[in-house]
Amino acid sequence: MSDAQLVQRCLQGDTTAFDTLVERYRDRVFSLAFRILGDPTWAEDLTQEAFLRAYTRLALYDATKPFSTWLLCLAARLCLNARRDRQQEQAQLERASKAMPSPPTVEEYLYERERQRTLQRLLMRLPRTQRVALLLYYYEQMPLSAIAEALHVPEGTVKTWLYRGRESLRRWIEEELG
Amino acid sequence: MNTCPHEEVLHAYTEGWLDAESQQAIEAHLTVCHECQRRVAGWQAVSEAIRGLPRIPAPGGTLQPMPTPHHEWRLVLALSACLAGIAAWLWLAGVSPPELNHFVGWTPYSTLSESAQQAAEKLQPFWHTLREVLKWKA
């Protein structure tokens, strides 16, 4: 059953339809939230909040657009506006580099895991707007127009965030390589 | 193109956001400029690395059950029943239909008949509570 059909059934009062949507997208929403926030516990909270918000605003979803784009943009917006006090923010930054959940430990993948950890750590150094733009565009492969709409900014601003984010990451990686 | 393009333009080139003529001009520049080549290759490596980040399974039991949508309907039904009960009670108390306007604030109290004034006074606390509930829900 398509996402649009599930949404329709949900609006008609079938709650199991929304459970199916949750099952379909929970990993994707959680991954995006984790990549933006860098903290699994916080990402878990935001995932919960994103689905609750999607559920209560389901009537506002435009069925002519992909549900995944609508849901992920909603989650990204929540992450962008999520606030914690300074102490929690500091603790989160300290945990960020160690926060990657552990995949199976196969020797060949060690280098790859380290690379991913480094990238996640550097992503956390970017301003949150640039990080969200980079993750929505490259990680979720969303169109510029959808990102601009989700973040309530012109497309040109998203392009600038992408450029600045990518350039900072490139420079930092070069610096780390010496 | 001998001079290096502005970095943001070079970045736009890597995404194919420029018109065909500008894309070609930068392509030609890249064949002779190692600094720009290095920059473009660096950006492409960054975006590839982001694309290649793995998805992470959400921890089990993350999501609590969603509230059922019937909650809203129950509230609407309860409020409707409440309003119908009040209307019936007012009718039995001798309040004429035009005087019911008073209860939504469209008719001044002084213009009500004596029986309607008594009913309005008795109903005042209920009406106040109901308005608070509606405001809270909104």
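When reading the values below, keep in mind they use all heavy atoms of this one structure, side chains included, and skip hydrogens, waters and symmetry mates. Proteins come first, then strands; the chains are lettered A, B, ... in the order of their sequence lines, and each starts at number 1.
Interface check for chain B: of the options A:L135, A:L11, A:T160, the most heavy-atom pairs under 4.5 Å are formed by A:T160. With chain B as partner, the option from A:A33, A:S31, A:G165 having the largest number of non-hydrogen pairs under 4.5 angstrom is A:S31. Per-residue counts of heavy-atom pairs under 4.5 Å with chain A were compared for B:T14, B:L10, B:I50; the largest is that of B:I50. Looking only at heavy-atom pairs under 4.5 Å with chain B, the residue among A:V29, A:L58, A:L119, A:L134 that has the most is A:L119.
Linking ILVMFWY side-chain heavy atoms closer than 4.5 Å, directly or via other members, places A:Y55 and A:L60 in two distinct hydrophobic clusters.
Among residues 139-151 of chain A, the residues having any heavy atom closer than 4.5 Å to a heavy atom of chain B are, in sequence order, A:Y139, A:E140, A:Q141, A:L144.
Rounding to the nearest 0.5 Å places CG of B:L30 at 11.5 Å from CZ of B:R39.
Considering only residues two or more places apart in sequence or on other chains, A:F67 meets the ring-ring contact (aromatic ring centres under 6.0 Å, His included) condition with A:Y25, A:Y61, A:W70. Considering only residues two or more places apart in sequence or on other chains, B:Q24 meets the side chain to side chain contact (heavy atoms under 4.5 Å, CB included) condition with none of them. Under the side chain to side chain contact (heavy atoms under 4.5 Å, CB included) criterion, A:N81 pairs with A:R77, sequence neighbours left out.
Contacts between A:L169 and chain B at a heavy-atom distance below 4.5 Å involve backbone atoms as well as side-chain atoms. Of the two parts of B:E48, neither the backbone nor the side chain holds a non-hydrogen atom closer than 4.5 Å to a non-hydrogen atom of chain A. When heavy atoms are compared at a cutoff of 4.5 Å, A:L32 does not approach chain B at all.
Remark: side-chain polar atoms of A:R170 are not paired, donor with acceptor, to backbone N or O of B:W43 under 3.5 angstrom. A donor-acceptor pair is defined here as one N or O able to donate and one able to accept, closer than 3.5 Å; no such pair exists between the side chain of A:D14 and the backbone of A:R9.
Relative orientation of the A:Y163 and B:H6 rings is tilted, given thresholds of 30° and 60° on the angle between their planes.
Residues B:S47 and A:R166 bring a donor and an acceptor atom of their side chains to less than 3.5 Å of each other.
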